[in-house]
Engineer: 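Structure provided below as structure tokens; questions to follow.
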Amino acid sequence: MKITGARVIVCCPGRNFVTLKLETDQGLTGLGDASLNGRELAVASYLNDHVVPLLVGRDATRIEDTWQYLYRGAYWRRGPVTMSAIAAVDTALWDLKAKAAGMPLYQLLGGASRERVLVYAHANGRDIAETVDEVQRQAALGYRAIRAQSGVPGLNKVYGVATDGKHYEPATRGLPREEDWDTPRYLRHVPQLFDAVRSAIGWEHELLHDVHHRLTPIEAARLGKDLEPYRLFWMEDATPAENPEAFRLVRRHTTTPLAVGEIFNTVWDCKALIEEQLIDFIRTTVVHAGGLTHLRRIADLAALYQVRTGSHGATDLSPVCMGAALHFDLWVPNFGIQEHMPHNEATDAVFPHAYRFDAGFMHPGEAPGHGVEIDEALAAKYPYQRAYLPVNRLQRDGTLWDW
Ligand code: EZ4
Ligand code: CO
């Protein structure tokens with residue numbers, strides 16, 4: 001099976017998605033997600049200008065060799081743009097191979113390790129009362145695991161909290177929005193939030209929280225300790241992870257489980273954190289960590305240290321990524337949980353898919369391949385719109401902070 005064509009499709013059914021479509025001499029097509037929030041066109045160019053010319057004429061069945069060719073063969077390694085582009089090719093090749101075999105992709109990975117995939121929902125509100133209501137609403141929808149985020153008194157815009165009282169979507173059209181931040185206010189507030197949530201919902205549901213890289217290691221240690229009574233499933237991105245040693249300090253002080261990795265691109269970003277057992281969940285995802293071929297390598301390293309997977313699954317990863325991720329999740333032996341934010345109706349219409357939600361769990365479906373397609377005519381009705389993620393500044397003096 002030879003690759004005869006490769007096309008990059010950029011569309012914006014509410015937010016921007018970059019999709020790679022491979023065509024073959026057998027008439028089969030394969031899809032891969034290449035979306036990188038706020039830097040979409042860089043990946044589209046990397047693919048169009050540098051990768052597509054390498055693909056045409058290649059043997060589509062040589063997934064591993066193509067991965068190595070694009071990674072080692074580029075000389076320039078790693079980074080989110082490179083690894084998202086490689087991921088798109090890799091995902092499309094797995095899709096093709098599974099379609100050629102007439103099997104759902106999870107069968108090629110080794111078959112199902114479980115019946116269904118545990119997912120967690122997002123609940124957010126402008127204050128604690130609103131968040132508690134939203135947690136209860138998500139529980140009523142059937143979710144067993146729920147991430148809770150709330151506005152912080154005295155701060156205008158906080159990560160994870162919708163401004164319109166609906167779904168949280170961080171990217172905004174035009175130039176980046178500015179948010180403000182104050183660590184002492186946040187640290188006082190979050191334990192109160194989880195106290196209220198546990199009082200309202202009890203102990204049957206798993207609860208999660210995303211710190212979104214805002215704390216220093218000792219502050220993260222403090223928050224982890226303060227949250228111990230509420231038995232979180234995880235505390236996410238408690239401190240930036242460029243310096244993995246920072247997590248030693250957090251780990252030394254708290255038994256709250258730690259999750260990291262949604263912005264990691266390769267196993268090298270994870271290596272020290274996993275080998276030193278500084279984290280409990282690795283959040284690398286198909287699109288930003290080099291595709292299924294590389295994600296599998298990360299998961300296998302993690303398994304040696306009882307670190308489980310918890311892949312990123314925000315709405316800025318397209319349904320193509322979600323479909324591929326669910327096949328991975330159904331197979332991967334050391335599965336932990338999968339993030340799930342439902343896409344809007346327009347996105348679901350552009351990307352028809354076989355995956356489904358039922359009572360707190362998802363399943364990738366039995367369609368051959370990863371089970372996600374693109375309606376190109378519909379996608380063409382939603383052209384690219386410039387959009388950025390927000391930036392964050394300290395309320396006190398305007399210093400640029402981690403968003
Ligand atoms: O900020 O996907 O856990 N989920 C997250 C997301 C990320 C966005 C960035 O594009 O942290 O909301
Ligand atoms: Co996150």
Side-chain angles (χ1 to χ4, degrees), residues 12 14-18 33-43 80-81 83-84 87 119-124 138 143 145-151 157-163 166-173 176-177 179 181 186 190 206-215 220 223 232-242 257-265 269-270 273 279-289 309-322 325 336-344 347 385-392 401-403:
C12 188
R15 63 161 335 290
N16 291 310
F17 296 111
V18 179
D33 181 24
S35 307
L36 183 62
N37 204 342
R39 296 293 185 271
E40 297 88 355
L41 298 185
V43 189
V81 175
M83 298 311 292
S84 300
V119 296
Y120 70 90
H122 283 207
N124 71 81
Q138 296 297 330
Y143 285 97
I146 302 165
R147 181 188 105 154
Q149 309 287 138
S150 111
K157 294 197 185 74
V158 175
Y159 167 78
V161 179
T163 43
K166 294 189 196 125
H167 281 307
Y168 174 67
E169 173 55 64
T172 46
R173 301 272 167 83
R177 187 180 65 205
E179 298 184 351
W181 183 251
Y186 171 78
V190 181
E206 306 286 5
L207 295 177
L208 303 84
H209 181 70
D210 193 346
V211 180
H212 223 261
H213 325 270
R214 275 130 199 246
L215 301 177
L223 182 60
L232 264 58
F233 188 83
W234 78 38
M235 174 168 77
E236 176 177 335
D237 290 334
T239 194
E242 287 106 320
L258 302 175
V260 170
E262 69 182 42
I263 66 170
F264 290 179
N265 313 127
D269 297 325
C270 319
L273 288 168
I279 57 172
D280 302 280
F281 296 93
I282 184 70
R283 281 182 46 71
T284 40
T285 189
V286 177
V287 54
H288 299 137
T309 65
S311 285
H312 190 202
T315 44
D316 50 331
L317 318 180
S318 93
V320 174
C321 179
M322 191 65 190
I337 200 164
Q338 168 69 50
E339 183 176 16
H340 176 231
M341 279 176 83
H343 288 102
N344 66 17
T347 301
Q385 311 251 1
R386 176 174 291 123
Y388 287 94
L389 290 170
V391 296
N392 198 29
W401 202 246
D402 300 294
W403 176 72

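We number each residue from 1, following the sequence as shown. This one's a predicted model, so the numbers in the text were calculated from it and none came from an experiment. In listed order, ligands and their atoms are each counted from 1.
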Engineer: Looking only at N, O or S atoms, find the one in Glu262 nearest to the Co ion (ligand 2) and name it.
Structural biologist: OE1
Engineer: For ligand 1, is there an N or O atom under 3.5 Å from any N or O atom of His122?
Structural biologist: no
Engineer: Verify the distance criterion only: is there a donor paired with an acceptor across the side chains of Asn344 and Arg15 at less than 3.5 Å?
Structural biologist: no
Engineer: Could you pull out, from Leu317, Asp316, Asp237, the option with a heavy atom nearest to atom 2 (O) of ligand 1?
Structural biologist: Asp316
Engineer: Taking the ring centre of each residue, are His212 and Trp403 less than 6.0 Å apart?
Structural biologist: yes
Engineer: Looking only at protein heavy atoms, identify the closest one to atom 11 (O) of ligand 1 and say how far it is in Å.
Structural biologist: Glu262 OE2, 2.6 Å
Engineer: Determine the interplanar angle of the Tyr120 and Trp234 rings, folded into 0 to 90°, and report it as parallel if under 30°, tilted if 30 to 60°, perpendicular if over 60°.
Structural biologist: perpendicular
Engineer: Consider every N or O of Tyr159 and every N or O of ligand 1, then say whether any pair is closer than 3.5 Å.
Structural biologist: yes
Engineer: Check whether any N, O or S atom of Glu236, backbone or side chain, sits closer than 2.8 Å to the Co ion (ligand 2).
Structural biologist: yes
Engineer: Is Met341 in contact with ligand 1, taking contact as a heavy-atom separation below 4.0 Å?
Structural biologist: no
Engineer: Report yes or no: does Asp33 contribute a side-chain atom to a donor-acceptor pair with the main-chain N or O of Val320 at less than 3.5 Å?
Structural biologist: no
Engineer: With nothing but distance in play, are any N or O atoms of Trp403 less than 3.5 Å from an N or O of ligand 1?
Structural biologist: no
Engineer: Inspect the surroundings of CZ in Arg39 and state if more than 12 heavy atoms from other residues, nucleotides or ligands are less than 6.0 Å away.
Structural biologist: no
Engineer: Ignoring hydrogens and angles, state whether a donor on the side chain of His122 or Gln138 is under 3.5 Å from an acceptor on the partner side chain.
Structural biologist: no
Engineer: For the Co ion (ligand 2), give me the closest N/O/S atom belonging to Asp210, just the atom name.
Structural biologist: OD2
Engineer: For the residue pair Tyr159 and Asn392, establish whether any side-chain heavy-atom pair is separated by less than 4.5 Å.
Structural biologist: no
Engineer: With heavy-atom distances below 4.0 Å as the criterion, list the atoms of ligand 1 near Arg283.
Structural biologist: 3 (O), 4 (N)
Engineer: Taking N, O or S atoms only and a limit of 2.8 Å, check whether Glu339 reaches the Co ion (ligand 2).
Structural biologist: no
